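Just so it is clear, the structure is predicted and the values come from calculations on it, not from any experiment.
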Amino acid sequence: MAKKIVILGGGVAGTIVANQLARKIPGELRSREVSITQIGNTETHTYQPGWLYIPFDLSRPEDLKRPQRSLLDPSIAFVQDTIAKIDVKSQKLTSKEGKEYSYDILVIATGSVPRPDLTPGLAEAGHWFHTEEGSIKLRDALRTFTGGRIVIAMGVPHKCPVAPVEVTLMLDDYLRKRGLREKSEITYTYPVGAVHTIPAVAKWGAQTFDERGIKYETFFNMKEVDTKNKVVHSMEGSQVPFDLLITIPQHRGAQVILDSGLGEGGWIPTNKETLQMEGTDNVFVVGDTTNLPVSKAGSTAHFSADVLVENVVDLLTGHKPSHKYDGKVFCFIETGRNQASYISFNYTTPPVPPTPTTMVHWMKISYNKMYWLTSRGIL
Ligand SMILES: Cc1cc2nc3c(=O)[nH]c(=O)nc-3n(C[C@H](O)[C@H](O)[C@H](O)COP(=O)(O)OP(=O)(O)OC[C@H]3O[C@@H](n4cnc5c(N)ncnc54)[C@H](O)[C@@H]3O)c2cc1C
């Protein structure tokens, strides 16, 4: 009987894993000793980092999408279905309609989602760019914005560690280009005692905010939004009034992870080196849904997928998974003014962002176009 590998989730992590795996075991797939099935709840694959550009009219939603099947190696079966329950004891997934899928090896890659509903008033009065719909709504609000107080506020945890700084600097640039900067006040708030959790980003970020006249308030954990008076309150007791509120809502793992009781908050306890789900041998976890002590980022998914695939091959060939993920993450940082920087780090080595340059900005723009090669496991 063929060994069944099921990959749950058709985002960046699940797609890279599926394609890389298919390339590692072409013979086994041809001889039908092994099958790879990806289950995803949408036929369309979206490049989420592109949502950062939509509010500033620098990208369009239709530029960020491809049919999921077009990204997969032909040897991979794609099933569009929504999984409601994962049962790792009986090695079975059950869909919303009650259809069952069994597996020998499971890779869970169900990502994370912003949950504005968890902060009172946020869904009514706030904007965000961590969904396609949200980024379009924010774009429309900015198009009609004529000046006033803009507040940036974060919920934790969230995906893309540098998005708060990026959206703030891109907003500053956007308002300047539209001649609205003098008529606007930007206040950046952040949950810890600095403008970023990564010390080097915090130092550079605060200096850049000072240069660009951006106000900031730290130790600001969004508690609730007073929708009537347009004020955002922090858990620390402070409050900031706004005309336009741009947020990153706190995130949770996918509903199926919560409903299957696989991890608090939807984050699955994962071995930080082998990427196996804790307490299992044949279940692997990749991308945002892990509880790894690293950023939830596409690059984390990419670098950890390389290791995970080797470990799945180890298991298929009767060996103990022996490859180790070192926590590698790489993120570009858009800084506005056609410039960008980047951070690169792992579990043990913290990052230091270099001075932003135009060249790095264009590297990021090029990467946005080349992402489709990454998802195919080529780049
Ligand atoms: C605005 C923004 C900017 C970003 N910028 C960067 C950046 O510059 N660099 C970077 O590295 N990262 C960036 N990221 C983060 C990056 O996009 C995510 O970390 C990455 O998409 C995570 O990949 P994933 O496969 O784990 O999750 P996802 O890509 O979210 O994929 C999960 C998939 O699982 C599916 N799924 C969920 N539940 C089920 C179910 N029950 N049944 C079937 N399918 C299901 C979902 O529909 C989805 O297709 C950014 C994100 C945003 C929103």
Side-chain angles (χ1 to χ4, degrees), residues 6-17 38-42 45-46 48-49 51 81-96 101 103 106-120 122-123 126 128-134 154-161 163-164 191 197 221-223 247-272 274-280 282-302 304-305 308 325 327 329:
V6 171
I7 296 163
L8 178 59
V12 53
T15 304
I16 294 176
V17 166
Q38 182 181 60
I39 304 174
N41 56 5
T42 159
H45 187 109
T46 305
Q48 297 179 19
W51 291 336
D81 208 345
T82 301
I83 298 302
K85 183 91 197 292
I86 302 169
D87 185 343
V88 294
K89 282 212 178 84
S90 60
Q91 302 192 183
K92 201 175 65 185
L93 311 180
T94 309
S95 78
K96 267 191 171 168
Y101 302 88
Y103 64 84
L106 175 67
V107 179
I108 304 177
T110 42
S112 64
V113 282
R115 294 284 305 271
D117 56 300
L118 299 177
T119 306
L122 183 57
W128 52 88
F129 52 98
H130 273 55
T131 61
E132 179 184 313
E133 196 194 12
M154 303 309 127
V156 278
H158 63 77
K159 57 186 149 193
C160 189
T197 38
N221 284 279
M222 230 191 326
K223 181 180 164 211
T247 68
I248 301 182
Q250 55 181 303
H251 280 47
R252 292 288 182 275
Q255 196 59 41
V256 63
I257 307 302
L258 293 161
D259 293 346
S260 304
L262 294 189
E264 207 181 317
W267 317 122
I268 303 177
T270 306
N271 183 299
K272 66 191 265 224
T274 66
L275 304 165
Q276 285 161 298
M277 176 176 160
E278 295 289 2
T280 69
N282 63 338
V283 181
F284 291 84
V285 195
V286 64
D288 288 356
T289 196
T290 71
N291 74 338
L292 298 185
V294 279
S295 306
K296 298 198 181 300
S299 65
T300 309
H302 187 173
S304 56
L308 187 150
Y325 175 53
V329 182

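With hydrogens and angles left out, the side-chain atoms of Thr274 and Gln276 include a donor and acceptor closer than 3.5 Å.
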### Task
Mind running side chain to side chain contact (heavy atoms under 4.5 Å, CB included) on Ile39 and Ile7 for me, showing each step along the way?
CA-CA 6 Å; Ile39 304 174; Ile7 296 163; over 6 Å; no
### Task
Start with the C-alpha gap between Thr82 and Asn41, add the side-chain angles, then the distance that decides, and say whether side chain to side chain donor-acceptor pair (under 3.5 Å) holds.
CA-CA 5 Å; Thr82 301; Asn41 56 5; 4.6 Å; no
### Task
Please lay out, stage by stage, how Leu106 and Asn282 fare under the test side chain to side chain contact (heavy atoms under 4.5 Å, CB included).
CA-CA 6 Å; Leu106 175 67; Asn282 63 338; over 6 Å; no
### Query
Do Leu275 and Val285 pass the side chain to side chain contact (heavy atoms under 4.5 Å, CB included) test, and can you show the C-alpha distance, the side-chain angles, and the key distance before you say yes or no?
CA-CA 6 Å; Leu275 304 165; Val285 195; over 6 Å; no
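Remark: Asp117 pairs with Arg115 by the salt bridge (Lys or Arg N to Asp or Glu O under 4.0 Å) rule, at least two apart or across chains. Judged as a salt bridge (Lys or Arg N to Asp or Glu O under 4.0 Å), and not counting sequence neighbours, Arg252 has no contacts. For Glu278, there are no side-chain hydrogen bond (donor to acceptor under 3.5 Å, both in side chains) partners at least two apart in sequence or on another chain. Evaluation of the salt bridge (Lys or Arg N to Asp or Glu O under 4.0 Å) rule for Lys223 yields no partner, not counting sequence neighbours. Listed by chain and number, the residues in a side-chain contact (heavy atoms from CB on, under 4.5 Å) with Ser260 are Lys85, Ile86, Val256, Leu262 (sequence neighbours excluded).
Remark: the backbone N or O of Val12 is not paired with any side-chain donor or acceptor of Thr15 at under 3.5 angstrom. Here the side chain of Gln38 pairs a donor or acceptor atom with the backbone of Gly9 at under 3.5 angstrom. Side-chain atoms of His45 come within 3.5 Å of backbone N or O of Gly10 as a donor-acceptor pair.
In plain terms, the two heavy atoms of Tyr103 and Val88 that are nearest each other are OH-CA, 3.4 Å. Nearest heavy atoms, Ala305 versus Val17: CB-CG2, 3.7 Å. The nearest pair of heavy atoms linking Leu258 to Gly263 is CD2-O, 4.4 Å. Heavy-atom minimum distance, Val156 versus Pro191: CG1-CG, 4.1 Å. Between Tyr101 and Ser95, the shortest heavy-atom distance links the atoms CE1-CB, 4.3 Å. Listed here is the closest heavy atom pair of Gly14 and Ala109: N-CB, 3.6 Å.
Counting heavy atoms from C-beta on, the side chains of Phe284 and Met277 never come closer than 4.5 Å. In this structure, the side chains of His158 and Pro164 come closer than 4.5 Å at one or more pairs of heavy atoms. With a 4.5 Å cut-off on side-chain heavy atoms, Thr94 and Asp87 do not count as touching. A 4.5 Å side-chain heavy-atom check between Lys159 and His251 finds at least one atom pair inside the cut-off. Taking the side chain as every heavy atom from C-beta outward, Leu8 and Val107 never approach each other to under 4.5 Å. At least one side-chain heavy atom of Leu122 sits under 4.5 Å from a side-chain heavy atom of Pro249.
Trp51 CH2 to Glu132 CD: the interatomic distance, rounded to the nearest 0.5 Å, is 7.0 Å. Separating the OG1 atom in Thr119 from the CE atom in Met222 is a distance of 5.0 Å, to the nearest 0.5 Å. Expressed to the nearest 0.5 Å, how far CG of Asn271 lies from CG of Leu292 amounts to 8.5 Å. Residue Leu93 holds its CG atom at 8.0 Å from CD1 of Ile108, rounded to the nearest 0.5 Å.
Counting only residues at least two apart or in different chains, side-chain hydrogen bond (donor to acceptor under 3.5 Å, both in side chains) contacts with residues 289-302 are absent.
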